[in-house]
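Beneath this line is the structure, given in structure tokens, with notes to follow.
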Amino acid sequence: MPRTSRAVVQTAPRRLEMRELPIPDIDAESGLLRIEACGICGSDAEQYAGTIPVQLPVVPGHEPLGIIEKIGDKAARRWGVDVGDRVAVEVAIPCGHCRACLEGRYTLCRGRGHAFGYAYVPLSTPPGLWGAYADYMYLDPHSIVHKMRRDIPASLAVLFNPLGAGFRWAVELPDTGPGDTVLVLGPGQRGLASVIAARAAGADTIIVTGLTRDAPKLALARELGADHVIDVEREDARVRVKELTGGRGADVVVEVTANAPEPVAEALHYVAFGGRIVLAGVKGFKAVPDFVSDLVVMKEARLVGAFGVTSPSYRAAIRLIESGRLPLEKLHTHDFALEEAEQAIRLLAGEIPGQQSIHSCLLPDRRPA
Ligand SMILES: [Zn+2]
Ligand SMILES: [Zn+2]
């Protein structure tokens, strides 16, 4: 057992460095995870750029998949896992006692300070290894872990996170069911995951919008279960949505585009009377121009914010991955070594000309290219 772990540490906006951090001792209630894979998330790019305020220095990486290397007796009993088990780890480390936790909204827990969760606890809080851009990660006593089969490649198993988001944002929050028309704005990894989840929930018609340069992602959306796709730069999306929904609009609109606030205002035009709009794409705190609130009133539309993923949706995602029913490998486009974290983030953020990714992950076992 090594005494230190490599960890990518963010020291300032757009500054990452590799460090060796001590591997902590484990008590009866905690554990140590050997990271197999860490998914790269849209919010990783924002954390890297400094648009999401995170206390630095910090080890990023909030989508951990790994093997339990060490575990205390109490933790093993509570979590129902043991040394050698593969687990998917939830971002949130909830206190279990605050009002949010007691009301079942544990992803909003602030009981241990601002957004206490993996990748958001700074190095200065012992034991420091709070993120998955590393060989090892500390498992706090309040961790929420889900056991997963070990025979699935780590880079696919780690899709539990974006797929979990699909189930929570496109199904759980808007209560999507058979007969519903679901419109997904944005064909990124979360949009495609929303298509998969809506299809699994029995949605009737699924429509996905994207830009002209998103053509390959829109084609993949079709392959994963979308009935129709709309190129918003070449088609009049309002007209197309009307056509495709028999003039009614969509029962559920899932807004997962990044940065641009305009689709939020557009969603009001796409939604059906009595429909639900889920807002999950963050916009760097920009205001939404042309937001016609009367449309919310007159349509009695419900606007729901989505922040993070909860256990039922993670479980649905994990079962779907384990079922092998879908060609999920088509979602996964890039593997990176730990040393390549910066490249991985910049690729997802679209900062590498001529290259596009859908889902990518860091694999600590991998050697850099
Ligand atoms: Zn994430
Ligand atoms: Zn709490």
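Keep in mind the model is a prediction, meaning the values are calculated, not measured. First listed ligand is number 1; within each ligand, the first listed atom is number 1. What you see below is based on every heavy atom in this structure, not just the backbone, and it leaves out hydrogens, waters and symmetry mates.
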Can a salt bridge be assigned to the pair [X] and [Y] using a cut-off of 4.0 Å between side-chain N and carboxylate O?
X	Y	value
Arg213	Glu233	no
Glu342	Arg346	no
Glu255	Lys283	yes

Measure the acute angle between the ring planes of Tyr120 and His62, then classify it against the limits of 30° and 60° as parallel, tilted or perpendicular.
-> parallel

Between Cys98 atom SG and Cys95 atom SG, the angle centred on the Zn ion (ligand 2) rounds (to 10°) to 110°

Verify the distance criterion only: is there a donor paired with an acceptor across the side chains of Ser143 and Tyr118 at less than 3.5 Å?
-> yes

Only one of Asp227, Asp180, Asp204 forms a salt bridge (charged side-chain N to carboxylate O under 4.0 Å, His left out) with Arg199, so which one is it?
-> Asp227

Determine whether more than 12 heavy atoms belonging to other residues, nucleotides or ligands lie under 6.0 Å from atom NZ of Lys286.
->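 Count over threshold, so yes.
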
The Zn ion (ligand 2) reached by His97 (N, O or S, under 2.8 Å) | no

Please report how many protein N/O/S atoms lie under 2.8 Å from the Zn ion (ligand 1).
->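 The number of such protein atoms is 3.
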
